[in-house]
Amino acid sequence: MDLATATASPPPWLVTAHPEVLPVSHGGATVWPGSRQHWRPTSPVFREHALRLTRALAERYGQHPVLAAWHVSNELGCHNLFDHSDDAAAAFRAWLRSRYGDLDTLNQAWGTAFWSQHYTDWEQILTPRAAAFIPNPTQDLDFTRFSNDALLAHLRAERDLLYRLTPGIPVTTNFMVNHHTRDLDYGAWAHEVDFVSNDHYVRLDEHGRDELSFSANLTSGLAQGRPWFLMEHSTSAVNWKPVNLPKGEGQLARDSLLHVAHGADAVCFFQWRQSRAGAEKYHSAMVPHAGPDSRVFRDVVELGRVLREDLAEVVGSRRSPARAAIVFDHPSWWAVERLSLPSDEVDYHREALEWYQAFLDLGVRADIVPLDADWESYDLVVAPLLHIVPGHLADRVARYAEGGGHLVTTYFSGTVDTDDHVHPGGYPGAFRDVLGVRVEEFSPLPCGASVALDTGGSGDLWTEHTTVIGEGVETLARYGEGPLRGTPACTLRRLPGGGTASYTSTRLSAEARERFVRRLTEEAGIGSELPEPLRGRVELAVRATEETEYWFLSSRTGEPVDLAGVGGTPLTGAAALLPPDGVAVLRAERP
Amino acid sequence: MDLATATASPPPWLVTAHPEVLPVSHGGATVWPGSRQHWRPTSPVFREHALRLTRALAERYGQHPVLAAWHVSNELGCHNLFDHSDDAAAAFRAWLRSRYGDLDTLNQAWGTAFWSQHYTDWEQILTPRAAAFIPNPTQDLDFTRFSNDALLAHLRAERDLLYRLTPGIPVTTNFMVNHHTRDLDYGAWAHEVDFVSNDHYVRLDEHGRDELSFSANLTSGLAQGRPWFLMEHSTSAVNWKPVNLPKGEGQLARDSLLHVAHGADAVCFFQWRQSRAGAEKYHSAMVPHAGPDSRVFRDVVELGRVLREDLAEVVGSRRSPARAAIVFDHPSWWAVERLSLPSDEVDYHREALEWYQAFLDLGVRADIVPLDADWESYDLVVAPLLHIVPGHLADRVARYAEGGGHLVTTYFSGTVDTDDHVHPGGYPGAFRDVLGVRVEEFSPLPCGASVALDTGGSGDLWTEHTTVIGEGVETLARYGEGPLRGTPACTLRRLPGGGTASYTSTRLSAEARERFVRRLTEEAGIGSELPEPLRGRVELAVRATEETEYWFLSSRTGEPVDLAGVGGTPLTGAAALLPPDGVAVLRAERP
Amino acid sequence: MDLATATASPPPWLVTAHPEVLPVSHGGATVWPGSRQHWRPTSPVFREHALRLTRALAERYGQHPVLAAWHVSNELGCHNLFDHSDDAAAAFRAWLRSRYGDLDTLNQAWGTAFWSQHYTDWEQILTPRAAAFIPNPTQDLDFTRFSNDALLAHLRAERDLLYRLTPGIPVTTNFMVNHHTRDLDYGAWAHEVDFVSNDHYVRLDEHGRDELSFSANLTSGLAQGRPWFLMEHSTSAVNWKPVNLPKGEGQLARDSLLHVAHGADAVCFFQWRQSRAGAEKYHSAMVPHAGPDSRVFRDVVELGRVLREDLAEVVGSRRSPARAAIVFDHPSWWAVERLSLPSDEVDYHREALEWYQAFLDLGVRADIVPLDADWESYDLVVAPLLHIVPGHLADRVARYAEGGGHLVTTYFSGTVDTDDHVHPGGYPGAFRDVLGVRVEEFSPLPCGASVALDTGGSGDLWTEHTTVIGEGVETLARYGEGPLRGTPACTLRRLPGGGTASYTSTRLSAEARERFVRRLTEEAGIGSELPEPLRGRVELAVRATEETEYWFLSSRTGEPVDLAGVGGTPLTGAAALLPPDGVAVLRAERP
C-alpha cells in the first residue's frame, strides 16, 4: 500500500484555530476553506501541524506489513501554488536574500531602474500582488521559482521526517504532468522522490491521445527511464470540466496500457467506489454508482487480469531510449507565457506536443526529456521555445551541435538569461552564432492568421525576418507571401563536426513540420522502426530488460493494429488485446 | 392602493450609522451602498430598523380608506440573496442546528469524510465563501436553502407585524417568476402571502412570448389557480439589458392580456411617470419622457378602458384546469445547475419551457404547477429534471403512474436524495423501477453537438446508454448514430393500472419532442380544444366562474386570430382586440 | 531637454513608509505596488512627497542650459484615475460641497428620491464603490468629473511650484488622446499647460491610420491650432497588446509625418535604447535589442534628417483651419458609455471617427475641435452624440444654425442636462426645436442587426421613430424595412437665416454617411481641395505661416501619392518621401 500523509486538506478545526494558515489571493483576498488545499505553503503553523500528522501516521503504520511507500500530501500545488500572504512575503524575502545576497544584485537582476522600483531595504519587497499595470517580469518569474521551491520545501520536510521514522520505505508524491500544470518544475522535483508518480486525466479533444502519450513519455523522462507509478487516472468521466464525457468502448484499457508502454509499473485509479456525496461524486470510479454490474467495473477487473497475467514479466523493465529527443523545460514554459511579451498566444506545451506529433506521424520514436537530462546522448534533439538560456546552457547547446549532434530550436528561443534580461545584438540571442541566423524584430501574427511557406504548409502565431549570418546555412523553407515573402522560415546549418543546427521562426503547420522533421531525421540517419503501413497510425514504445525487449504498439486512432510485418513474437496473451483495444505487446530477445 | 413597506433600500443615514448591515460577497468583499438592496437578510440591526419603518407606515396609513393591501419590501432577493457576512454565518449555523440537530448528522449529510471536511464544532462552519476549488455541494445546496429561508423569515417578520397592526389587510410581496430567478423557492413562498403577485419583464428573444405565457401559467400554479396580481411589467423597453428594445405595435396590450388570460386580476406597470434622473430613467413608463402625447400613454389608457369596460366580468374568475401539467420544482432547478456536475450546460428552465412549447405546438393546454401542488389530479404529468427525490417523493410518483396516471420524466431525474446523495444502483435512481430502465453512466454531449434519433429529430446536451429492465417497456425512439446507436432514447412503460411511465435520456429537439408529446397525449386521451387551423399558432387559456367560461385566444406570432370554428360568444368589445393585437376573449356558458 | 518631474511611480521606500498612498479599487481592494502609478491622486501624503521631489529637481536642474521645458508626471490617470480610498471619499465630498453648496441641491441633482438614496449629512457620501446593482448615474458622472479634476489639481500643484522656482520655463504633461482614454476631459486640461503634448500608439486594425489622423487632428484642436509635441510614439511594436505587431516598411516615417502634418513640432519616441529588463523590454525603441545595425535605427536616423533638413522651415507653422469641423466632447463620451442606458453598444469615439472618415472619403478637410473651441467659425459643424446639453449650450447651438451655420447631430444627442436629467417632451430634447423633429422612444438595434435605408446603405446600433414637427424639414433618407419602414432616418431643416440643422437617428453605414456628408458639404458650399483622383485615397492637412502654406498629402492606403494636378512646389527633399512612404509635402505662397 502507498499510504498518503493526509496533509493535503486541513480540517475545519485547524483553520478555525489558525486562520493564519489560509492563503491570500493575487488580489489580496483570503482563500476560504470549504474545498481543499487551503493552506499557505510557507505557513510555519501549517508546517508544524502537517508534520505532527505525518509523525502520527508514521508511528502508527510505519511497521505495518503492507506499507510499500509513502505518498506525501496530494497533487501539491494544484490550487495553492501562488500565495500572497504575509508568510509568503517573508519567505519570499528570505529566498531572495539567499539567491541574490545583497540588494544591489537584486536591483540589477530585476531591472528596478525602470518605473522607479529600486529597493533600499529587504522589507520593502512584496510578492507581486495585483497592481495597476504590468508587474516586474523578473520579480514575477522569481516568485514562480520561489513558489515552486516553497512546495518542494514542504515535500522535503515531510519526506525527511518519514526517512527518519521509517527508514527504507520509499517516498513519492503525485506529480501532475499534463498540458495545464505549468508552474511546477518537475525536472527538479524528480530528484527529490524515490520514485516518480503521476496523475493524468486524458484530454477530450482530438489531440487527447497524443497528449497522454506525451505526458507518459515525459514522466518517463523525469524518472530517467526507470519505471514509475501512474498514481491516478480515471476509469471514465471526470467531474471538473464544463462537460464531462465518459470514456468510450475499450478506452479504459488503451489509456492504461499506453502509460504502461511508457514505463508505468503501477496503474491506479481515482476513485475506488464512486462516492455518493461530496465534490467529486460524479467522478468515475472502479465501482460506479451503478455498482459492480457495470461495464466500467468489468473493464477494471479485466485490466487487472491483463496486467497480472499477460504483462507480468514486463514489470521492472525500463524505457528503451529512442534516438531522437524533445527537450522539455518547465521554466521556459513559465517564461514564454507571461504578461507583456510580443504575443500572449505563445503556447509552450502545444509547440512541444506538435513536434512530438510530427515524430509520431513519421513513425519515429522520440523521448521527451527534461533539460537537466543527458540529452547529448541523442542523435537528434528538438528544444522548442528554449527561452531562458544562461551562458553555460548556450555553451552546452553549441558543444552538442559542434560535436556532431543534430539540434533544432525555434522562435523565441535563446532570448534571455536567467534574470530574464534579453541577450543583445539580435535574436535568437544566445543561439544566434550556432544557428547562423539573426533577427532584428519579432513579428507575431494576429490570432487566426497564417502565412504560406514556399515548400507547402504554413506557419502561424509568429514570424521573423531572418537574416543568414553564418557559414553553411541552408534555407529549408521560405515565407511564400506577406511582408516576409522570400525570407527564410526554416534554416539548417551544417557544422564542421558533422552536426547540424536548425531553426524555425514560425509555428509550423502539421504538413510543414512533418517535412522539416523528415529532413532532420534524414540528416541524423534515423529511420522508422515500424513497417511502412503502420507509421503514423500506430505509436511504438519500447521497454526492455537486459534480455528482452517489449514492443508496445498502440493505435493512435483506436483502430486495430495489424501486426503483419512487425518484428518480434507476440507476447503470451497479447493478441487478445488487439481489437477493439488497439494495443499490442510484442516480445523480442535483445540482439 | 397596494402600499409597499419601503424597506427594500436602506437609506444612507442607516448604512452610515450601521455599516454592519451591508452584505458581504462570495469573495469576501463588502457590498457597498449606492444602488439598492444593500442589506443582509439576517442582520438583526437591519431587521429592527425595517420593522420600525413598517410599524410607522402601518400606524400612519393603516386606517386610510384606499389601503387595499400591503406589499412587503420589493423583489426580495433580487440582489441580496447570497450574503457571506458574519451575521449570515451565525444564522446559517442556527439554521443547520435546527435542520440536523447534531454534528454527526450534518457530517453524514454533507459527506465531510471527503477532503477532510469533518466538523467537530458548530462554530467551525462557514458559508461557502470563495475557496480554492469545488465547494462541498451539500453545503452549497443547504446555503441556498438557508438563504431562501432567511428572506422568507424577513417576509414573515414584516407580515406578522402588519397582521397585528392592521388586521384584515392582505399582505403580498412581488415575486420574480421568470427564467433567471432560480434560487428562490416560490413554491414555499406562495404559502406565506395572502395573494400571489409577480413582476415579469418579457424576454426579447424568439421564445419571449412563450416564456411570458410559461411564467404567467406558473404564477397561476403557485396561486393554486386563484387570481393574482401582475405587480410590475413594462409598457415598453427596460434599461438593464445590454440592449433595450421597445415593445412593438400592440405588444403592450398583448403582453398584458396574456397575464390576464392566466389569472391576473391586476396589471400594473413600473413606472408611472418616467423619471428624469436616477438609475432607471431609461426604463419605460406609463407616461414617458415624451409626455402624454405619445403612443405608449395612449396604449396604457386604452388598456385601462379594455380592462374596465370589456373584461370587467372576467375579474375574480379562476384558472380552469388543463388535463396535462408540467411540474416545476425550484430546488431541482438549483441542484442541476451547480458546479462539478456531469455537464455545466444543463438548463432546467429551458427544459421545462420546451415541454410547454411542445404542448403549445399541439394546441393542448398544460398547466405549470409546483411540486407541492395536487398534480395527481392531472391525467398527464411531465416532471422534467426532477433531480432531488427523497423516498416519499419517489413513492408518490410511482403511486401516480401505478394508479393510472401518465408520467414523463427525463435525464438527470431521480438522481439524488434530499442530502444530494446519489441513489445507488444505476440511474435514474429513485425512478429506475417505475420507468423500467437503468443507466450505468451519464454521457453528456459537447456544446453544439447533437445526435439524430431514428424516428426523426435529434437530441443534444445529454445522452445515456439506457438498458430496459422492466416489464412492458416500449422504445419510442432510438439513437440513430454515434456510440449509442440503436439504444433507447425515449421509452414508455405501460403499467398494469392503465398508466404509463415515460423517459427520455436526451434533450429532445422540437420535432422529436412534439412527436413524443403527441404520443403521450394519445395515451392519456387528451385532445386539443382548438380547431385544427389554430393549433400551434394560438394559445388557449381558460378562466371560469361557476357559470361562465372565458376563452383567451392569444396569437403566438402576433398575427390575427381567426375565430371561425371556435365556440363561444365574443365578449363585449373583445373582437376589437383581434387584429393587430392577436388576442381574443370568448364567453361560453359552462356545460 | 524636456525634463519630467519623476513623480509618476512612487518608489518602494515611500509606499512602505506610507501605504496610505496606495489606491483602492472599485471593489474595495488595495492596488498594490510593483508596477507604476500606484498612488491616490488625492493623497496629501503623496502630494507632499511629489512636491518635495519636484522642488529638488527644480532646484538642481532649474538653471541647466538645456532645460527647455518641464513635463509633469507621466500619462496622468492612465491607471489611477478612479480611486475609492478614504482620501478619495473625503476629497469627493469637498468637491461636491463646492459644486452644490448644500445637500438639498445635491439630492435634487442626483435624483436621490429614487431607491431611497437621500443624503442627510455630507459624511454619508461615498465614491460609487461596487454595489449590488446599477449605481446612481449622476453620482457616477460626478465621480468621473471629480476624478478628472483631482488629477488636474495634481498637475496644477506641480506646475505652480515649478512656475515659482523656474519662472519662464514652460510646463506640459503628456496627454493620451486616443480611442480608449475616455474619462479625462482634455478640453479642460489644454488650458492648464503651456503647450500641449501627446502620446499616441497607432491601432493595428484597418482604421488605425485614420484614427492616428483623428487623434493628431484633435490634439491640434486642443492646442487651438498652435504647434504641439508628439511626446511619445513607437518606432515599431509595443508590448502591452495581446499580440504586438511591428510596424511595416516605411510606417515609422509615415506615422511620424502625419503627426507633423497636424501640427506636431516635435516627434519623440518611447524609448531610446530598448531595455534588456523590466516590464517594457519588448517595447520597440530607437536603438533596438539588435543594436544600431538595424532597420529601425536607420529609419530613426533618416527621420531625424528629414525633419532637420527637409522640413525645417515648417517648424512653428500653425494648422490652417478647414471649413468643416467635428465637435468632440469628452464629457458626452463619458455619459453615453455608462451603465443602464438604452444600449451598451454606443461607441462615442467610433461615431466621431466615422464622421471624420466620411470627410476623408470625400477629400474634404475637417478639423476636430473640443466643445469649448470657437466652432462657430466653421461653415459646417458635426456634433455627434452631443449628449449632455445644458440650456446655454442648446442656445449656442441654435444660434449657430439660425445664424447661417450648418449643424449636424445624431441620435442620443441633446438628451440630458448637466445633472444627467432628461430633457422632457420628447427626444432629442434640447435640440428638438432647432432640428424640427421629435422622438417618443429610443429603438436601439440588437448587436449585429442593421436596417436598410431607402437611399442605399444602412444603419445599425440605434434607430428612432422620428416625427417631423418643424417647418422646412426635408427627409434625406428613410428606413427601408422593419417596424420603422418609411419613417425618417436622416433629416435636414432649412432655417430662415440660410443655415441648416440636420439629424440622423441611426449609426450610418459608410455608404449612407458619405451620401449624407456630400449633401451637407453641398449645402455649406464646401468642396474638396484635392484633385478628383486623390480624393479618398489621400489625406490633406495644411499648416501655414503668414507667408507660406505647407500641404501635407498623406496616403491613407500606404500607396504612392501621384502629385499630378496638385498645386504648389515640392519642399526640398520631400519628394523623396513619396514612394514607398506615401507622404508628400508641398509649399505654396499664401494667396
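Keep in mind it's a predicted model, so treat the numbers as computed, not measured. Chain letters run A, B, ... following the sequence lines, proteins first, then strands; residues in each count from 1.
Every residue meeting the ring pair (Phe, Tyr, Trp, His ring centres under 6.0 Å) condition with His233(C), not counting sequence neighbours, appears here in chain and number order: His259(C), Phe269(C).
The minimum heavy-atom distance between Ala290(C) and Val439(A), with the atom names listed, is CB-O, 4.5 Å.
Most heavy-atom pairs under 4.5 Å with chain A: of the set Gly248(C), Ala29(C), Gly278(C), Gly291(C), this distinction falls to Gly278(C). Ranked by heavy-atom pairs under 4.5 Å with chain C, the first of Pro135(A), Ala130(A), Pro483(A) is Ala130(A). Ranked by heavy-atom pairs under 4.5 Å with chain C, the list Cys447(A), Pro424(A), Gly429(A) is led by Pro424(A). Of the listed residues (Pro342(A), Pro444(A), Gly426(A)), the greatest number of heavy-atom pairs within a distance under 4.5 Å of chain C belongs to Pro342(A). Note: Pro246(C) leads Pro292(C), Ala277(C), Pro246(C) in heavy-atom pairs under 4.5 Å with chain A. Chain C forms the most heavy-atom pairs under 4.5 Å with one residue out of Leu339(A), Leu445(A), Ile134(A), and that residue is Ile134(A).
Under a cut-off of 6.0 angstrom, the local environment of CZ in Phe114(A) is crowded, with over 12 non-hydrogen atoms contributed by other residues, nucleotides or ligands.
Of the atoms belonging to Leu461(A), not a single heavy atom falls under 4.5 Å from chain C. The part of Val416(A) that comes within reach of chain C is its side chain, from C-beta onward, which places non-hydrogen atoms under 4.5 angstrom from that chain. Proximity to chain C (any heavy atom under 4.5 Å) is restricted, for Leu126(A), to the side chain, taken from C-beta onward.
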Could you work out all donor-acceptor pairs shorter than 3.5 Å where one atom is in chain C and the other in chain A?
{"from": "Ser9(C)", "atom 1": "O", "to": "Ser116(A)", "atom 2": "OG", "distance (Å)": "3.2"}
{"from": "Ser9(C)", "atom 1": "OG", "to": "Trp115(A)", "atom 2": "O", "distance (Å)": "2.9"}
{"from": "Trp32(C)", "atom 1": "N", "to": "Ala130(A)", "atom 2": "O", "distance (Å)": "3.0"}
{"from": "Gly34(C)", "atom 1": "O", "to": "Gln117(A)", "atom 2": "NE2", "distance (Å)": "3.0"}
{"from": "Gly34(C)", "atom 1": "O", "to": "Asn136(A)", "atom 2": "N", "distance (Å)": "3.4"}
{"from": "Ser35(C)", "atom 1": "O", "to": "Gln117(A)", "atom 2": "NE2", "distance (Å)": "3.1"}
{"from": "Ser35(C)", "atom 1": "OG", "to": "Phe133(A)", "atom 2": "N", "distance (Å)": "3.4"}
{"from": "Ser35(C)", "atom 1": "OG", "to": "Phe133(A)", "atom 2": "O", "distance (Å)": "3.3"}
{"from": "Ser35(C)", "atom 1": "OG", "to": "Ile134(A)", "atom 2": "N", "distance (Å)": "3.3"}
{"from": "Ser35(C)", "atom 1": "OG", "to": "Ile134(A)", "atom 2": "O", "distance (Å)": "2.7"}
{"from": "Ser236(C)", "atom 1": "OG", "to": "Glu441(A)", "atom 2": "OE2", "distance (Å)": "2.5"}
{"from": "Pro242(C)", "atom 1": "O", "to": "Asp344(A)", "atom 2": "N", "distance (Å)": "2.6"}
{"from": "Asn244(C)", "atom 1": "N", "to": "Pro342(A)", "atom 2": "O", "distance (Å)": "2.8"}
{"from": "Asn244(C)", "atom 1": "ND2", "to": "Leu341(A)", "atom 2": "O", "distance (Å)": "3.1"}
{"from": "Asn244(C)", "atom 1": "ND2", "to": "Pro342(A)", "atom 2": "O", "distance (Å)": "3.2"}
{"from": "Arg276(C)", "atom 1": "O", "to": "Val422(A)", "atom 2": "N", "distance (Å)": "2.9"}
{"from": "Arg276(C)", "atom 1": "NE", "to": "Val422(A)", "atom 2": "O", "distance (Å)": "2.6"}
{"from": "Arg276(C)", "atom 1": "NH2", "to": "Val422(A)", "atom 2": "O", "distance (Å)": "3.1"}
{"from": "Ala279(C)", "atom 1": "O", "to": "Ser340(A)", "atom 2": "OG", "distance (Å)": "3.3"}
{"from": "Lys281(C)", "atom 1": "NZ", "to": "Asp420(A)", "atom 2": "OD2", "distance (Å)": "2.9"}
{"from": "His289(C)", "atom 1": "O", "to": "Gly425(A)", "atom 2": "N", "distance (Å)": "2.8"}
{"from": "His289(C)", "atom 1": "ND1", "to": "Tyr427(A)", "atom 2": "OH", "distance (Å)": "2.6"}
{"from": "Ala290(C)", "atom 1": "O", "to": "Arg438(A)", "atom 2": "NH2", "distance (Å)": "2.8"}
{"from": "Asp293(C)", "atom 1": "O", "to": "Arg438(A)", "atom 2": "NH1", "distance (Å)": "3.4"}
{"from": "Asp293(C)", "atom 1": "O", "to": "Arg438(A)", "atom 2": "NH2", "distance (Å)": "3.0"}
{"from": "Arg295(C)", "atom 1": "N", "to": "Glu440(A)", "atom 2": "OE1", "distance (Å)": "2.8"}

